[in-house]
Amino acid sequence: MKVQGYLVDYKLPPVRQSDVPRNPNRIIDMKQFVPLTGVGAEQFERAVGGVVSIYEMFKADLQRRGFQLRPWSPAGDGHHLALTFANRYLTTAKESGGERPIDINGTIDPLNVLTPHLRTEVHILKNVVEYWQQEELGSAGHVKYSVIKPELFYHSNMVEVQVAFQACYVFLPKLRAICLLNRAATCVSIFILIFSPLKKVKRRVGYGEERSDGAEDDSDPPQTEMKRLCLSSGDGDHRMEGSYD
């Protein structure tokens, strides 16, 4: 699933010394996250409705199995709704299932402040978040996508995130990729951004083939696209992951 919005707050790599908890048992809880708002944009409101519907599907499925899902609802400041997507940096060795670890020193821990504290924690594929930037080429509507460092994101940037969803007693909207759509919004007030419509994007961030022919994204509403999602369960961990173009 893809969601566009404006960054109102965020926590992205690299990890700083002040980010590392003193209690080594809390290192596993370290995560990156991006809260987004649409400041009233219809496209974002539809995305919120889609996420709520996904939560309700998880809740109903778990209830049929005799479990309860903790309450969840979109955040907001009383005026505009917001969604937060997150992903832990690390997974316990037990949860990794023997998957080969991925090095974290390049993007997450280039300062080497986290790695010395690791014991059995590992960074694996499900912890990976990709960082992208969309660039327009000329006036013909062509675009290209390039990998960037997470340090290039700032408050009030217009972004698109790719997300997945998991639920095991707790509903987890997971961040999988984030793409910078409009850097021009960096130095203006979020109050001004309400007059700037969310963009159409021509491809899924980080996956699939690029569409640079200027064609618009004609995705169905999230509620329709949810029909394609596949619900599965195993070892007591009920998950549903989905994406749509």
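Just so it is clear, the values below take in all heavy atoms, side chains as well, and ignore hydrogens, waters and symmetry mates. Residue indices begin at 1 and follow the sequence shown.
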Hey, what do you get for [atom1] ([X]) to [atom2] ([Y]), rounding to the nearest 0.5 Å?
| X | Y | atom1 | atom2 | answer |
| --- | --- | --- | --- | --- |
| Ile28 | Arg119 | CD1 | CZ | 9.5 Å |
| Asn157 | Leu180 | CG | CG | 5.0 Å |
| Cys168 | Leu69 | SG | CG | 9.5 Å |
| Lys11 | Gln32 | NZ | CD | 10.5 Å |
| His123 | Ile108 | NE2 | CD1 | 3.5 Å |
| Ile102 | Asn127 | CD1 | CG | 8.0 Å |

#### Entry: Validation row, ring centre Tyr169 to ring centre Phe67 under 6.0 Å
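Yes, the ring of Tyr169 comes within the 6.0 Å limit of the ring of Phe67, centre to centre.
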### Task
Check step by step if side-chain contact (heavy atoms from CB on, under 4.5 Å) holds for Tyr89 and Ile104.
CA-CA 9 Å; Tyr89 289 125; Ile104 65 172; over 6 Å; no
Any side-chain heavy atom of [X] sitting closer than 4.5 Å to one from [Y]?
| X | Y | answer |
| --- | --- | --- |
| Leu181 | Gln4 | yes |
| Phe171 | Val51 | yes |
| Leu36 | Val8 | no |
| Thr107 | Pro150 | yes |
| Leu83 | Pro35 | no |

Mind listing the closest non-hydrogen atom pair of [X] and [Y] along with its distance?
| X | Y | answer |
| --- | --- | --- |
| Thr84 | Pro173 | O-CB, 3.9 Å |
| Met1 | Ile54 | SD-CD1, 4.0 Å |
| Val52 | Pro74 | CG2-CG, 3.8 Å |
| Ser96 | Thr91 | N-CG2, 3.8 Å |
| His80 | Val39 | ND1-C, 3.5 Å |
| Gln134 | Tyr145 | OE1-OH, 2.9 Å |

### Task
Establish, from distance only, whether the side-chain atoms of Glu130 and Trp132 form a donor-acceptor pair under 3.5 Å.
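Per modelled atom types, Glu130 and Trp132 side chains form a pair under 3.5 Å.
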#### Entry: Ser146 versus Glu135, side-chain donor and acceptor atoms under 3.5 Å
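Checked: Glu135/Ser146 side chains pair up, N/O donor to acceptor below 3.5 Å.
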[X] side chain to [Y] main-chain N or O, any donor-acceptor pair under 3.5 Å?
| X | Y | result |
| --- | --- | --- |
| Thr120 | Ala93 | no |
| Asn87 | Arg176 | no |
| Gln43 | Ala41 | no |
| Glu99 | Leu125 | yes |
| Asp61 | Phe58 | no |
| Asp109 | Thr115 | yes |
| Tyr131 | Cys179 | no |

Shared hydrophobic cluster for [X] and [Y] (ILVMFWY, side-chain gaps under 4.5 Å):
| X | Y | answer |
| --- | --- | --- |
| Ile27 | Val122 | no |
| Val129 | Leu90 | no |
| Ile178 | Val15 | no |
| Ile148 | Val34 | yes |
| Leu111 | Leu12 | no |

### Task
Kindly check if the number of other-residue, nucleotide or ligand heavy atoms within 6.0 Å of CZ (Arg70) is above 12?
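Open.
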### Message
If you apply the rule side-chain contact (heavy atoms from CB on, under 4.5 Å), what do you find for Tyr10 with Val159, and how did you get there?
### Response
CA-CA 12 Å; Tyr10 64 92; Val159 301; over 6 Å; no
### Task
Look at the aromatic rings of Phe165 and Phe85 and report parallel, tilted or perpendicular, splitting at 30° and 60°.
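If you compare the ring of Phe165 with that of Phe85, the planes turn out perpendicular.
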### Task
Could you tell me whether Arg88 and Glu95 have a side-chain N and a carboxylate O separated by less than 4.0 Å?
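Here Arg88 pairs with Glu95 in a salt bridge, since their nearest N and O are under 4.0 Å apart.
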### Message
Salt bridge check, Asp29 against Arg26: does any charged N sit closer than 4.0 Å to a carboxylate O?
### Response
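Looking at Arg26 and Asp29, the cut-off is met.
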### Verdict with reasoning, Phe33 to Leu175, per side-chain contact (heavy atoms from CB on, under 4.5 Å)
CA-CA 7 Å; Phe33 59 87; Leu175 179 66; over 6 Å; no
### Task
Start with the C-alpha gap between Arg16 and Val113, add the side-chain angles, then the distance that decides, and say whether side-chain contact (heavy atoms from CB on, under 4.5 Å) holds.
CA-CA 7 Å; Arg16 307 289 183 181; Val113 297; 5.8 Å; no
